[in-house]
Each structure stands twice: as C-alpha cells, then as structure tokens.
Amino acid sequence: MAEMKYTQAVNAAITDAMTADQSVILFGEDVAEAGGSFKATRGLLEAFGPARVRDTPISEASIVSMAVGAAMTGLKPIVEIMFMDFVTLAMDALVNQAAKAHFMFGGRASVPMVLRTPHGGGLNAGPQHSQCLEAWIAHIPGLKVVCPSNPQDVYSLLRAAINDPNPVVFIEHKGMYGIKGDVDPGQTVDIGSARIARPGRDVTLVTYGSTVHTAVRVANALATEGIETEIIDLRSLQPWDEAAVHASVARTHRLVIAHEAVEAFGVGAEIAARMADVAFDELDAPILRVGAPFMPVPFARSLEAQYAVSDERLRAAIRKMIA
C-alpha cells in the first residue's frame, strides 16, 4: 500500500504490466521523451527502451490504426490520445476496426489494446480540449469504456484493461491528475463493477469520474440536514453495473444521475431509461438527471464554472427529489 497521485497510479499500472508481460507496448504523442503531456508516462522510456515505448507523429488516425494492427498480430498496445477531443480523428480505426474485429472474425481474432485519453473541463482549455465524449464511445458494441475516480481504481482498472482480450477505452480526467490516494497493487477490480462510494438511505446518486468528488461533498453537506445520499461510483460505463444501481434504488426508492458530460443523450439517459424499465415499481419519485447544457464547453473561467455540475446544482436536485 502506497500513497500515489492519479498520474502516478497510471504510471505504476503501466510499469507493472510491462514488467510482467513483454508483449505490452506503449506509444503515442510525446509519451516517451517528454513523459506524456500530463507526465503520466514519465520514466517509461528509460525503463523499457525505445522498442517498447515510442513517440509517434501527430496523427491520431495512424496511432490507433497501428494499435489495431499490433493487437491483432500478438502485441498488447497501450496508446495515448492526448485529449479525448482528438479521438474524433481516430474513429474509423476505433469504431469500424477495433470494435468489430472479434465479431467479424467469428471470435477467432482479438484486439487486446487500450486507448488512454483524458476528458473533462476545469482547466479552461476551451471547447476543443474539454469535452466528455464517453457516451459516444459507449454506444459502440465491441468497445469497453471505463472512467475511474481515484488512484486505486486507476491502477486496478488499468491493469484489468491491459489484460482484457479486446479493446478498452480508458478515460482519465485531467483535472484529477494531482489528487492523491492509497493504492494497493494487489487489489483487483473487474470491468463492469460499480462501488458504493458512500452509503445512504434516502436517495441514490449515480455518477462517475470527477463528479464522484462533487457528489461526496454534496452528500456530506446534506447529511447535516438529515438527508442521507447513497453514491454509486459506476467506474465502468460499458458494461455498467445495472445490478448495483437497481439494488440501491430498491433501498432508497429515488434516483439522481449526474455526470460532467452533456446531459442530452448521455450516459445518464441510458441509466434512467433502463431503471424506468426494470425498477419502475421501486421508484417513489421521477428520475432526475444533472449534466452539462447542450452547448460547447466555454473557454472563459466564469462561464465554464456555470457550465459544470456544481455543488449547488446537485444539491438542488437532491433536495427536489426528497421534497
């Protein structure tokens, strides 16, 4: 057990995977010499050499296409897309090739690759460097999507993603790279399993990624008013832990879903629809969603603060649910 920053947990997971398995390789823009744009891959070039840790040209389409080919011919590539916004340039390789190869080859081929990419705002990086596109990716059959909220889950889920025989999109949050937490390398997490980040009896709040921390702050504040919020950290978005959410709703009979991504057609919409199908009789109030408005992420600090899921917006949604 050791205390690590979020970035250090990324680095430790890759280091341990590359040490354990010679077929694991790493490449992307600035991941080698510079140690990554956010320094998550610092020291890996020195540890494993240029044959396994390589910088690439600025071409996301080429990076992911190379990863698909490498994965289908015996390697386990980890590729970094510097900002999630740039995954749009690699969608053919990711959606039409990586996601479909196992199915199209009748199960005889696998694509054991991991695409790491940071999403989210909070750094005033503007509309082309701050998006949360996970719902878009999660819509594609054949792709798994995970989004950890803390260093332990970063380590455990990244190890699980690297070991998975088919493509995993591993979403980090650039605003959380500096947060710290204890990491036990022996602790495993299965892709598709949620965790109860905070137990409660009055309302279920389902969330993931950076919004987990907002949810915990709000829940702790509301507890002083006698409102006990159960927080479900999804961790994995595709597949997602329907059973854990259903069980929580059966206890609290109220459901709020929050995420940093645009609310419309988002992850929350899928969860709300599914719970309306399978847990309708458990609900004592309509399901509420809290997300970003349907617009690009603003650049100005003041506008981005209003765009984000704030403590005030989330607290208002929970109070409305309880009223």
Side-chain angles (χ1 to χ4, degrees), residues 6-7 10-11 13-15 17-18 21-101 109-121 123 125-134 136-137 140 142-146 154 158 161-162 164 166-174 177 296-297 299:
Y6 195 105
T7 47
V10 172
N11 190 291
I14 297 173
T15 297
M18 294 185 76
D21 187 344
Q22 293 293 311
S23 67
V24 179
I25 60 173
L26 171 71
F27 56 91
E29 297 166 14
D30 292 336
V31 300
E33 292 283 352
S37 297
F38 298 98
K39 305 308 177 187
T41 56
R42 181 183 290 169
L44 296 179
L45 173 63
E46 292 77 11
F48 299 103
R52 296 180 67 194
V53 180
R54 296 192 179 193
D55 286 327
T56 67
I58 303 174
S59 175
E60 285 76 13
S62 298
I63 293 168
V64 179
S65 294
M66 286 190 294
V68 175
M72 292 184 71
T73 52
L75 296 175
K76 296 180 180 178
I78 305 167
V79 296
E80 178 180 307
I81 300 299
M82 194 180 293
F83 291 87
M84 191 176 198
D85 314 68
F86 303 162
V87 80
T88 57
L89 298 165
M91 290 300 274
D92 178 65
L94 184 63
V95 171
N96 289 329
Q97 309 305 329
K100 295 175 174 58
S110 62
V111 189
M113 59 172 279
V114 177
L115 189 156
R116 291 181 43 246
T117 189
H119 76 165
L123 301 184
Q128 296 172 330
H129 295 75
S130 307
Q131 295 173 89
C132 296
L133 302 177
E134 55 269 15
W136 191 7
I137 307 299
I140 306 303
L143 296 178
K144 294 181 180 178
V145 184
V146 297
V154 166
L158 186 49
I162 295 167
D164 197 281
N166 275 299
V168 179
V169 177
F170 190 89
I171 303 171
E172 301 157 15
H173 195 289
K174 50 189 173 286
Y177 276 138
V297 185
F299 175 79

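Scope of the values below: all heavy atoms of this structure, side chains included, with no hydrogens, waters or symmetry mates.
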With a 4.5 Å limit on heavy-atom distance, are the side chains of Val169 and Leu94 in contact?
-> yes

Backbone of Val111 reached by a side-chain donor or acceptor of Asn166 within 3.5 Å = yes

Is Ser130 reaching over with its side chain to a backbone N or O of Pro127, donor-acceptor style, under 3.5 angstrom?
-> no

Keeping the roles fixed (side chain from Thr7, backbone from Lys39), state whether a donor-acceptor pair exists under 3.5 Å.
-> no

Run through Val79, Asp164, Ile162 and flag the one making a side-chain contact (heavy atoms from CB on, under 4.5 Å) with Val114.
-> Ile162

Within residues 53-68 or reaching into it, pairs that qualify as side-chain hydrogen bond (donor to acceptor under 3.5 Å, both in side chains) - sequence neighbours excluded | Ser59-Ser62

When every non-hydrogen atom of Gly121 is compared with those of His173, the smallest separation belongs to O-CE1, 3.4 Å

Within-4.5 Å side-chain heavy-atom neighbours: Ile81 and Val64 = yes

Could you pull out the closest heavy-atom pair between Glu29 and Pro57, with the gap in Å?
-> CG-O, 3.7 Å

Side-chain donor-acceptor pair present, Gln131, Asp85, cut-off under 3.5 Å = yes

If you round to the nearest 0.5 Å, how far is CD1 of Ile137 from CG of Leu115?
-> 8.0 Å

Closest non-hydrogen atoms of Val24 and Ala17, given as atom of the first, atom of the second and distance, are CG2-O, 3.9 Å

Set of residues satisfying ring pair (Phe, Tyr, Trp, His ring centres under 6.0 Å) with respect to Phe83, sequence neighbours excluded | Phe38, Phe86, His129

How many angstroms lie between NZ in Lys174 and OG in Ser37, if you round to the nearest 0.5 Å?
-> 11.0 Å

With no hydrogens and no angle check, do the side chains of Glu172 and Tyr6 hold a donor and an acceptor under 3.5 Å apart?
-> no

Has the side chain of Arg52 got a donor or acceptor atom that lies under 3.5 Å from a matching backbone atom of Met18?
-> yes

Determine yes or no for a side-chain-to-main-chain donor-acceptor pair under 3.5 angstrom, with Asp92 supplying the side chain and Ala61 the backbone.
-> no

Would you name the heavy atoms of Phe299 and Ala125 that are closest together and state the gap between them?
-> CD1-C, 4.2 Å

Working to the nearest 0.5 Å, report the span between CG of Leu89 and CD1 of Ile63.
-> 9.5 Å

Which pair of heavy atoms, one from Phe170 and one from Ala161, lies closest together, and at what distance?
-> CD1-CB, 4.4 Å

Is Lys100 reaching over with its side chain to a backbone N or O of Gly142, donor-acceptor style, under 3.5 angstrom?
-> no

Smallest heavy-atom separation, Pro112 atom then Ala71 atom, equals CD-O, 3.3 Å

Check: His119 and Leu133 side chains under 4.5 Å, non-hydrogen atoms | no

Evaluate whether atom CG of Leu123 has more than 12 neighbouring non-hydrogen atoms of other residues, nucleotides or ligands under 6.0 angstrom away.
-> yes

Knowing that exactly one of Val53, Leu26, Ile25 qualifies, which makes a side-chain contact (heavy atoms from CB on, under 4.5 Å) with Ile78?
-> Leu26

Kindly compute the distance separating CG (Leu158) from CD1 (Ile14), expressed to the nearest 0.5 Å.
-> 5.5 Å

May I ask you to test the Val168-Val146 pair for a side-chain heavy-atom distance under 4.5 Å?
-> yes

Beyond-backbone contact of Thr15 with Phe48, side-chain heavy atoms, under 4.5 angstrom | yes

Close side-chain approach of Thr41 to Arg116, heavy-atom, < 4.5 Å = yes

Ile171 backbone acceptor or donor facing Thr117 side chain under 3.5 Å | no

